[in-house]
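Below: one structure, written as C-alpha cells.
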Amino acid sequence: MKPAWNNFTCRTYKKEGAEVCTARYIRECVLDEVILEELSRVTAMAREQGV
C-alpha cells in the first residue's frame, strides 16, 4: 500500500456503526503534516520562552 493511501478511521464508527457516528478518516500523510506543524509551533514557542 502506498503511504498516501494508508489512513486512520474513526474507531466509534467501526465499533458502533453509522447510527452513532459518521464515517470519518484521515490519511496518514496528512496526519503526519499536522503533527509536524504542531510540533514546530510548540517548540518555537518553548524556545521563545527559554524553556
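Atoms considered below: every heavy atom in the structure, side chains included; atoms not considered: hydrogens, waters and symmetry mates. Treat the numbers as computed from the prediction; the structure is a model and nothing was measured.
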Assess whether side chain to side chain contact (heavy atoms under 4.5 Å, CB included) is satisfied between T22 and R24, documenting all intermediate values.
-> CA-CA 6 Å; T22 58; R24 294 188 184 109; 3.5 Å; yes
May I have the list of side-chain donor-acceptor pairs in residues 31-40 shorter than 3.5 Å, sequence neighbours left out?
from: E38; atom 1: OE1; to: R41; atom 2: NE; distance (Å): 3.3
from: E38; atom 1: OE2; to: R41; atom 2: NE; distance (Å): 3.3
from: E38; atom 1: OE2; to: R41; atom 2: NH2; distance (Å): 2.5
from: S40; atom 1: OG; to: L36; atom 2: O; distance (Å): 3.0

Can you measure from CZ (R27) to CG (N6) and round to the nearest 0.5 angstrom?
-> 11.0 Å
Does anything in residues 12-22 pair up under salt bridge (charged side-chain N to carboxylate O under 4.0 Å, His left out), and if so which pairs, sequence neighbours excluded?
-> none
Co-membership, hydrophobic cluster, residues F8 and V30, 4.5 Å side-chain = yes
Which atom pairs, donor and acceptor, lie under 3.5 Å between side-chain atoms of residues 44-51 and protein residues at least two apart or in another chain?
none

